[in-house]
Amino acid sequence: MTYILGLTGGIASGKSTVAKIFADNGAKVIDADQVSRQVVQVGTVGIKKIQQTFGGQILAADGQIDRKRLGQIVFSDSLALKKLTAITGPLIREELHRQLANLQHQQAKLVILMIPLLFEADYQKWCNETMSVTLAPKKQLQRLQQRDQLSLVEAQARINAQMSAEKRNQLANYVISNDDGVGALEKQVIKWLQERNLR
């Protein structure tokens, strides 16, 4: 029986680091961000629909989606973000379901479903348990600015476009803090695994 943990957290809160710690301890990880890139590769239905909706301006010279340009459009306009989600959401869900079914078929012991919009898109129904990674707002803002080369206003707009950390943490079964670095994160993950006999 595969145990499914839904892993979420705000943008730049440290979800990938937590997923890597899980992977290092034998878990299989399905990353919704990777899937979201897959479903809009050149030649896919996803990229065609996005181009029809937002025009050729969102394509880079190589025909791929210019993620920075598209990000600027959708994170400054909630209606545009809804349109994008309506296109990509079903495609992402279908691919996530396919990957999860595949791992269940292989009888994986623990699968981490890393999904930023876990609760917003109702993926918690797929999970035995959910975990939220939290980071102090000031640190989160700094990390996001540095990571994605964004201005303060752009970074804040991306954080504001998501569910609040308070609400996410209330909905999650388990909350882990990324305020004290990777070592502390690792201890929290190991503790979680040991408590559930999954290590």
Side-chain angles (χ1 to χ4, degrees), residues 2-37 67 71 74-75 81 85 89 92 96 99-100 103 108-199:
T2 302
Y3 196 87
I4 302 163
L5 174 68
L7 177 65
T8 193
I11 190 168
S13 62
K15 292 183 295 296
S16 300
T17 309
V18 173
K20 187 182 181 312
I21 297 166
F22 271 114
D24 289 345
N25 283 277
K28 301 291 181 193
V29 177
I30 299 174
D31 179 351
D33 277 344
Q34 275 182 0
V35 169
S36 73
R37 287 184 174 85
R67 297 182 76 81
V74 300
F75 290 112
L81 185 59
T85 307
I92 293 167
L96 287 173
Q99 290 189 22
L100 181 59
L103 287 171
K109 192 174 174 186
L110 172 63
V111 173
I112 310 300
L113 268 182
M114 182 167 71
I115 306 180
L117 303 177
L118 186 86
F119 297 116
E120 294 91 325
D122 230 14
Y123 282 108
Q124 73 274 16
K125 290 177 179 168
W126 292 15
C127 307
N128 295 90
E129 200 174 344
T130 55
M131 178 184 282
S132 172
V133 186
T134 187
L135 181 64
K138 210 174 197 173
K139 284 186 187 173
Q140 184 188 8
L141 195 57
Q142 283 170 346
R143 278 187 59 167
L144 181 56
Q145 275 186 271
Q146 285 166 356
R147 190 190 76 183
D148 293 357
Q149 304 289 294
L150 299 171
S151 69
L152 182 65
V153 172
E154 285 174 322
Q156 194 62 63
R158 290 183 187 211
I159 290 170
N160 294 347
Q162 295 189 324
M163 182 184 279
S164 73
E166 291 76 22
K167 189 169 182 196
R168 197 183 295 110
N169 293 347
Q170 279 171 2
L171 290 170
N173 302 113
Y174 202 91
V175 178
I176 65 173
S177 165
N178 188 20
D179 287 334
D180 301 313
V182 179
L185 267 185
E186 207 158 347
K187 281 182 187 149
Q188 293 172 83
V189 170
I190 302 293
K191 181 173 180 270
W192 185 90
L193 287 165
Q194 286 171 340
E195 283 172 357
R196 284 149 193 80
N197 294 318
L198 287 165
R199 191 162 186 244

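Side-chain contact between Phe75 and Leu150 is absent, with no heavy-atom pair separated by less than 4.5 Å.
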TODO: Verify side-chain contact (heavy atoms from CB on, under 4.5 Å) between Asp24 and Lys20, making sure each step is shown before the conclusion.
DONE: CA-CA 6 Å; Asp24 289 345; Lys20 187 182 181 312; 3.0 Å; yes
Open item on the list: Apply side-chain contact (heavy atoms from CB on, under 4.5 Å) to residues Ile159 and Gln156 and explain how you reach the verdict.
Closed with: CA-CA 5 Å; Ile159 290 170; Gln156 194 62 63; 4.2 Å; yes
Open item on the list: Run the side-chain hydrogen bond (donor to acceptor under 3.5 Å, both in side chains) test on Gln162 and Asn160 for me, step by step, so that the C-alpha distance in whole Å, both residues' side-chain angles and the decisive distance to 0.1 Å come before the verdict.
Closed with: CA-CA 5 Å; Gln162 295 189 324; Asn160 294 347; over 6 Å; no
- [ ] Please test Leu171 against Met163 for side-chain contact (heavy atoms from CB on, under 4.5 Å), starting from the C-alpha separation and ending with a verdict.
- [x] CA-CA 11 Å; Leu171 290 170; Met163 182 184 279; 3.9 Å; yes
Open item on the list: For Leu103 and Ile30: C-alpha separation, side-chain torsions, deciding distance, then whether side-chain contact (heavy atoms from CB on, under 4.5 Å) applies.
Closed with: CA-CA 10 Å; Leu103 287 171; Ile30 299 174; 3.7 Å; yes
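Scanning all heavy atoms of the two residues, the minimum distance from Gln99 to Val35 falls at NE2-CG2, 3.7 Å. When all heavy atoms of Ala155 and Gln145 are compared, the closest pair comes out as CB-CG, 3.7 Å. Pairing each heavy atom of Val29 with each of Ala19, the nearest pair is CG2-O, 3.6 Å. Here the closest non-hydrogen pair linking Asn173 and Thr130 is OD1-N, 2.7 Å. Of all the heavy atoms in Thr2 and Ala108, the pair that sits closest is OG1-O, 2.7 Å.
Rounded to the nearest 0.5 angstrom, Ile190 CD1 and Glu195 CD are separated by 12.0 Å. Between Gln124 atom CD and Glu129 atom CD the span is 13.5 Å, to the nearest 0.5 Å. In this structure, Thr134 OG1 and Asn169 CG are separated by 4.5 Å, a value rounded to the nearest 0.5 Å. Distance check, rounded to the nearest 0.5 Å: CG of Leu100 to CD1 of Ile4 gives 4.5 Å. Between the CG atom in Leu113 and the OH atom in Tyr123 there is a gap of 9.0 Å [rounded to 0.5 Å]. The CD atom of Gln170 lies 11.5 Å from the CZ atom of Arg168; values are rounded to the nearest 0.5 Å.
The ring pair (Phe, Tyr, Trp, His ring centres under 6.0 Å) pairs that include a residue from residues 14-33 are Phe22-Trp192, where partners are two or more places apart or lie in different chains. Sorted pairs that involve residues 131-145 and meet salt bridge (Lys or Arg N to Asp or Glu O under 4.0 Å), not counting sequence neighbours, are lacking altogether.
Electrostatic pairing of Glu154 and Arg158 does not count as a salt bridge here, judged by no charged N lying under 4.0 Å from a carboxylate O. At a threshold of 4.0 Å, the pair Asp33-Arg37 does not count as salt-bridged, since none of the basic side-chain nitrogens sits closer than that to a carboxylate oxygen.
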Got a list of side-chain donor-acceptor pairs under 3.5 Å for residues 6-16, not counting sequence neighbours?
{"residue": "Thr8", "atom": "OG1", "partner": "Ile115", "partner atom": "O", "Å": "2.9"}
{"residue": "Thr8", "atom": "OG1", "partner": "Pro116", "partner atom": "O", "Å": "2.9"}
{"residue": "Ser13", "atom": "OG", "partner": "Gly10", "partner atom": "N", "Å": "3.4"}
{"residue": "Ser13", "atom": "OG", "partner": "Gly10", "partner atom": "O", "Å": "2.7"}
{"residue": "Lys15", "atom": "NZ", "partner": "Gly9", "partner atom": "O", "Å": "3.2"}
{"residue": "Lys15", "atom": "NZ", "partner": "Gly10", "partner atom": "O", "Å": "3.0"}

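For the side chain to side chain contact (heavy atoms under 4.5 Å, CB included) test with Leu198, the passing option among Leu110, Asn25, Leu5 is Leu110; the others fail.
Looking only at distances, a side-chain donor or acceptor of Gln188 sits under 3.5 Å from a matching main-chain atom of Ser177. The backbone N or O of Ala136 lies less than 3.5 Å from a partner atom in the side chain of Asp179, making a donor-acceptor pair.
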